[in-house]
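Worksheet: the structure to be examined is printed underneath.
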Amino acid sequence: MDRNSNSYIFIFSVIMVIVVAVVLSSLATALKPMQSENVRQEKMQNILKTFVGDSLKIDGKSIELTRAVASEKYNDYVLNQYALDYKGANKDGVDAFQVKLAEELKKPLEEQTFPLYEATYEGKSYYVIPLRGAGLWNAIWGYVALEEDLNTIKGVIFDHAGETAGLGAEITTDWFQESFVNEKIYQGQSIVGVEVKKGYQGGNDKGDNAVNAISGATITGDGVTAMMEERLKNYKDFFEQKKQSKVAIR
Amino acid sequence: MSQEIKDTNEAKKKKDELILFLTKTEERESLLSKANRKLLSDPLDDNNPITVQVLGICSALAITVQLKPAIVMSVAVVFVMAMGNVVISLLRNLVPNRIRIIVQLVVVASLVIVVDQVLKAYLYDVSKQLSIFIGLIITNCIIMGRLEAFALGNGPWKSFLDGIGNAAGYGLILIIVAFFRELLGSGKLFGFEVLGHKGLTLEESTGLYALGYENNGFFLLSPMALIVVGVVIWYQRSRNRKLIEEN
């Protein structure tokens, strides 16, 4: 058959497309359960990591917080999960862990669900809040753990879909995330989060709601700032209720 | 008698067709003959895709801020280029000439998706590191260039070697550029602070930073990658006189 005839080209294309489609879709279907399991485990790992750090201390022994360890121990530490509405009331029948922020963000504020994880580790309670926003190229997201005062940051985790390696992608590095530890999210009575500031002069000041930015990653840094403020301020009502109830108990 | 010769000829032809995946010259050649070895070594120096052919510059700028991603990218390109070359070489007698670029794109894109999916399932952490680079491999000019220039006209084994060689030549330059950019731009190698720790004040700093050394932030930006590539080309040509064009 003439390789340059239209019918040959047509048949060749059709066969090629079918073969490629079948191979790729069956591969994707076959690997899907493993991939989702990885994603689930990673979410648990991230939530734990914000207040546990890199290694878990169990009975005086320290175990590296791998994905497998995290999924095994998750329920031992995360005792309560809330799916809140914008007024801070718990929505019944919604599994907070299954809430996808990417979809929630598209809804109007009144209809969104705000997940919150309450955890206990080494005798202290922590509140972990998931974040999601926009970086330079694609989505960025993260988790922030607050201490019992619902103001001081215990730890943060950031991740991204497609920020530039060495620049925006540096938000995933330890040194950047560590600079958020002990920062406060409240300024006076309102929640402002933590600003990622260029030319930051504050040194180790933890009371100024700001940390030093990454050179060459201005837009990603601004994304982190916006994400922190936008997401955290929606939890204010819940925080106030919590604080009130604590005062009442005392 | 003539009938007999015709028969043997036909039998021979059939045999040739049977060995679908090998060209006749390849049958006679040893797997790592001098010519085949040259396919591997040539792209490292005399015919380097980046410094001599000036292909694949785009990714050489984008992902050479740090050594680690540069190395991971190089490994991924070695895989995709070798496999892509083999697949296209096997198909070279079937692909219609007029849509060959589309076919090449489909092959490369499929391979990249396979790599991405498998990594996500079995090597999740590596896949996270690679993230966007995997997709970028599709657009790498070197891959399309080799498929078009080599794999379409040569057997699978030669194409395989050519793919490995070119990807290695590409990776070599990537790693050299990344070495200088990470060292001079952020004072680190593989994320380790090799020049000492830069504290917030001079007293808190150690190593070179204690003497007042500063990182050159310009190295973090893409234009500096071009300049580093330029210096590499300069050095290569001063050493390898064959590469200097005669006017």
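A, B, ... follow the sequence lines: proteins, then strands. Residue 1 opens every chain.
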For [X], which atoms come within 4.5 Å of any heavy atom of chain B: side chain, backbone, both, or neither?
| X | result |
| --- | --- |
| E170(A) | side chain |
| V39(A) | both |
| N6(A) | both |
| L27(A) | side chain |
| N138(A) | neither |
| L24(A) | side chain |

query = Who among V95(B), V114(B), I113(B) has the most heavy-atom pairs with chain A under 4.5 Å?
reply = V95(B)
Given that the side chain runs from C-beta out, which part of [X] has a heavy atom under 4.5 Å from chain A: side chain, backbone, both or neither?
| X | value |
| --- | --- |
| Q117(B) | both |
| L220(B) | both |
| L91(B) | neither |

inquiry  = Determine whether a donor-acceptor pair (N or O, by modelled atom type, separation under 3.5 Å) exists between the side chain of E183(A) and the backbone of I153(A).
reply    =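 Here the side-chain-to-backbone pair does not exist.
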query = Does G56(B) offer a backbone N or O that forms a donor-acceptor pair with the side chain of N140(B) under 3.5 Å?
reply = no
ask   = Do K158(B) and D162(B) pass the salt bridge (Lys or Arg N to Asp or Glu O under 4.0 Å) test, and can you show the C-alpha distance, the side-chain angles, and the key distance before you say yes or no?
value = CA-CA 6 Å; K158(B) 274 184 190 295; D162(B) 180 77; over 6 Å; no
key: Aromatic centroids of F97(A) and Y74(A) separated by under 6.0 Å   =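 Y74(A) vs F97(A): aromatic centres under 6.0 Å.
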query = So which residues of residues 105-112 of chain B are in contact with chain A at a heavy-atom cut-off of under 4.5 Å?
reply = V106(B), S110(B)
Do the side chains of [Y] and [X] get nearer than 4.5 Å, heavy atoms only?
| X | Y | answer |
| --- | --- | --- |
| R100(B) | E148(B) | yes |
| Y186(A) | N209(A) | no |
| V177(B) | V229(B) | yes |

task = Using distance alone, with no hydrogens and no angle criterion, decide if Y126(A) and E147(A) have a side-chain donor and acceptor under 3.5 Å apart.
result = no
task = Tell me yes or no: between the side chains of Q81(A) and Q98(A), is some donor less than 3.5 Å from an acceptor?
result =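 Q98(A) and Q81(A) do not have a side-chain donor-acceptor pair below 3.5 Å.
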task = Quick one: which of Q35(A), E37(A), Q41(A) has the most heavy-atom pairs under 4.5 Å with chain B, could you say?
result =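 Heavy-atom pairs under 4.5 Å are most numerous for Q35(A).
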inquiry  = Between E104(A) and R132(A), does any side-chain N to carboxylate O distance fall below 4.0 Å?
reply    =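 Salt bridge absent between E104(A) and R132(A).
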request  = Enter the distance from M73(B):CE to T64(B):OG1 here, rounded to the nearest 0.5 Å.
outcome  =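 Spacing of CE (M73(B)) from OG1 (T64(B)) equals 10.5 Å.
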